> 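Got a structure here, written out as structure tokens. Questions coming.
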Amino acid sequence: MDTTLLKSLSEAHGISGREDAVRKIILEAIYGHASDIRIDPLGSITAIKRGTVAGAPRVMLAAHMDEVGFMVAGVDGDGLVRFTAVGSIDDRILPGMRMKIGANAIPGVVIWTPIHIGREQSVVKLANLRIDIGASSKDDANGKVKLGDMIVFDSYFGELGAAMVRGKALDDRAGCALLIDVLRGGPYPVDVLAAFTVQEEIGLRGAQVAAQTLNPDVAFVLETTTANDIPNPLAVPDEMDEPNPTCRIQGGPVFTILDRSVIVNPRLLQFLRATADKHSIPYQLKTQPGGGTDGGSIHLANGGVATAVISNPSRYIHSPVTYLHRDDFDNTLRLVQAVLHDVNRDVLASLR
Amino acid sequence: MKDLIKSLVEAWGPSGYEHHVRELIRGYAEPYADSIEVDALGNLICRVGQGEGKQRIMVAAHMDEIGLIATFQEPRSGYLRFTPLGGLIHTTLHGSRVRFENGVTGVIGAPEPLGSSRQNAPDLDSFYIDISDGDGAAAVAPGTAAAFWRPLEERGIRLIAKSMDDRIGCVVALEAMRLLAKETPHEVYFAFTVQEEVGIRGARPAAHSIDPDIAIALDVTLAGDEYKGERNGIRLGAGAAIKVQDPGLIVPPAIRDWMISRAEADGIPYQLELLKAGTTDAAQIQSVRAGVPSGCISIPCRFIHTTSETVDMRDVEACVQLLTGLLKH
């Protein structure tokens with residue numbers, strides 16, 4: 001894991017549709033390691049790393065550049081900033097959250113009622129929340145922020161001991177970092193068609209266009225998914241109300257069986273499992289089908305693309321502090337590189 | 001035709017796992033098709049005819065059926081948790097039987113099948129599947145899909161089965177292929193599609209590859225003649241249902257009238273269909289590439305998305321006659 005690169009990717013501001021800062025970092029990182037580097041009309045980066053075997057499959061790898069965040073929706077008379085979500089974010093985590101607004105990264109905090117006044121535990125809806133940037137009036141606030149400004153979590157990238165890192169937007173900047181490492185590595189027998197996509201968090205939009213353009217033979221989405229391996233105080237083990245674990249930290253790369261956007265080709269999933277077994281890489285199956293990924297768009301592109309989803313397991317995604325374990329990142333990278341060496345025309349033929 | 005219906009409706013093929021159904025259909029289609037291909041998503045595409053300057057016509061019927069997939073096994077009790085493949089009706093689940101691909105039979109249950117207030121069915125999260133066999137030999141790994149299981153029943157001219165939605169549409173397509181006997185002035189592509197029940201996913205790439213001039217979807221539609229049913233005008237036994245619109249598709253009048261005039265010229269009983277909820281493969285096909293004028297011939301059906309989907313053979317025959325007539329002229 002290139003911690004310096006992951007730090008800069010994590011700390012870059014880039015909600016859906018405003019991926020510019022992330023794009024700049026990635027372009028610099030992959031320059032010289034891929035050819036045909038292009039920015040498509042929606043803003044996704046596509047690049048090709050040519051394979052060493054003529055006629056080998058054209059394999060798309062996709063990771064999304066955007067992160068969930070917010071946008072300025074207006075300013076109240078008292079100078080408090082109204083805001084709206086870009087992507088899915090749990091309202092419950094917002095009160096007290098520190099934010100950064102706009103190109104000048106104006107700091108602010110989401111309002112809440114101190115416990116001295118309100119002991120009520122009910123969830124405050126986003127529509128009733130504001131961001132306090134310390135403005136004294138509407139005019140004062142309007143001088144600092146404007147309608148449509150991007151808002152991101154005010155967070156930093158850090159290391160928790162030797163093994164774990166924390167930071168915002170690891171969904172899916174960790175996937176971007178993986179894909180950069182893939183391009184820096186190699187060579188591979190297959191053509192690697194890399195796509196760093198835009199606007200995944202608001203409906204898998206960039207990937208649709210990238211996949212139509214790249215027109216791959218097979219695709220793998222590199223994602224960062226929810227490891228819900230935290231204790232649930234309400235659950236009695238093995239009772240009916242026990243929640244399903246999704247996947248866990250240090251369990252290795254996560255293979256999706258299905259989510260809300262794609263049913264992974266069962267034979268391609270089997271190929272992933274066999275590849276992991278062959279190379280003695282631990283892996284886990286995602287046993288909770290919530291959410292969607294770029295795979296939802298890619299598998300329907302053009303005449304259809306066999307698509308699988310490979311994820312880093314990580315805790316607390318869609319928040320300012322996502323936890324990611326180095327072993328999981330390293331094992332996921334090893335797995336992806338093994339796939340690029342093992343996937344061939346015979347494997348593709350077996351998928352039909 | 002009954003043997004064909006029995007073999008298809010009793011076949012195992014939930015969304016994403018249509019391979020057994022595909023091989024069955026391929027076997028039936030082979031003598032009547034000029035070429036057969038399987039695309040990257042698993043759609044089976046059979047071409048009949050060379051075109052001779054007429055239309056490229058896509059006919060779509062989906063191979064998949066609603067089902068579920070095991071996601072997790074409770075460590076001590078051995079009960080399976082699952083996630084749905086397609087729109088399951090919660091009130092029909094308790095006591096339902098499913099079959100996993102490896103042959104293991106499961107029974108779905110819920111701790112409070114009538115809901116805590118006895119008024120509404122519990123959430124899907126409350127249901128589990130019992131696969132116990134007394135000695136722990138029956139095993140189902142997470143990620144294994146299952147389909148509901150009931151054999152076909154005949155009651156006079158009516159047929160009752162799981163997965164009439166949409167194997168009966170597949171049957172209509174296969175029967176039309178047989179009757180055409182490779183004779184058509186058009187270039188006809190029969191697409192047996194995947195993953196309709198999870199959001200009409202297979203039809204779009206299939207249509208992209210086929211690039212048709214017009215398209216016809218074949219699917220079941222809600223009969224409005226159930227007890228206190230929605231009065232949508234569709235009755236079992238009253239003929240092929242020619243779609244006018246549903247929430248996903250407004251059939252272009254030219255396509256609708258093409259179907260109506262063919263039915264009238266050939267004396268085929270038909271009824272017009274305005275569906276309030278649900279849609280078909282045609283909803284996706286219509287917006288592929290630069291657009292494909294699309295219609296739908298529907299087979300009236302009672303108890304859709306249960307294991308007792310009921311159709312009338314007279315309607316099935318009428319749909320076969322109408323489709324064959326359209327493709328012959």
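When reading the values below, keep in mind they use all heavy atoms of this one structure, side chains included, and skip hydrogens, waters and symmetry mates. Keep in mind that this is a model prediction, so the values were computed, not measured. The sequence lines fix the lettering, A, B, ..., with proteins before strands; numbering per chain opens at 1.
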> At what distance, to the nearest 0.5 angstrom, does CG of B:L44 lie from CZ of A:R352?
12.0 Å

> Given heavy-atom pairs under 4.5 angstrom as the criterion, report whether the side chain, backbone, both or neither of B:R289 touches chain A.
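Neither the backbone nor the side chain of B:R289 comes within 4.5 Å of chain A.
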
> What pair of heavy atoms forms the shortest contact from B:P205 to A:H299, and how long is it?
CG-O, 4.5 Å

> Heavy-atom distances under 4.5 Å only: say whether A:T307 touches chain B with side chain, backbone, both or neither.
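The answer is neither part of A:T307.
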
> Can you tell me which portion of B:V38 sits under 4.5 Å from chain A's heavy atoms? Options are side chain, backbone, both or neither.
both

> Under a 4.5 Å cutoff for heavy-atom pairs, which residue among B:R204, B:Q195, B:R22 has the most contacts with chain A?
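Of the options given, most contacts go to B:Q195.
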
> What part of B:L85 lies closer than 4.5 angstrom to a heavy atom of chain A: side chain, backbone, both or neither?
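The side chain, not the backbone.
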
> Yes or no on side-chain contact (heavy atoms from CB on, under 4.5 Å) for B:T71 and A:I257, after CA distance, side-chain angles and deciding distance?
CA-CA 9 Å; B:T71 52; A:I257 298 167; over 6 Å; no

> On a heavy-atom basis, which atom in B:Y17 and which in A:I263 lie closest, and how many Å separate them?
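Nearest pair, atom of B:Y17 first, then A:I263: CE1-CG2, 4.0 Å.
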
> Go through the atoms of A:L269 and report whether side chain, backbone, both or neither lie under 4.5 Å from a heavy atom of chain B.
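Contact with chain B is absent: no heavy atom of A:L269 under 4.5 Å.
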
> Got more than 12 heavy atoms from elsewhere within 6.0 Å of CZ, B:R97?
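Not buried by this count: 12 neighbours or fewer within 6.0 Å.
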
> Tell me the closest heavy-atom pair linking A:G304 and B:A40, and the distance in Å.
O-CB, 3.3 Å

> Assess whether atom CD of B:E37 is packed by more than 12 heavy atoms of other residues, nucleotides or ligands within 6.0 Å.
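At most 12 heavy atoms, drawn from other residues, nucleotides or ligands, come within 6.0 Å of this atom.
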
> Using the rule side-chain contact (heavy atoms from CB on, under 4.5 Å), only one of A:V305, A:L351, A:L300, A:N265 pairs with B:L41; which is it?
A:L300

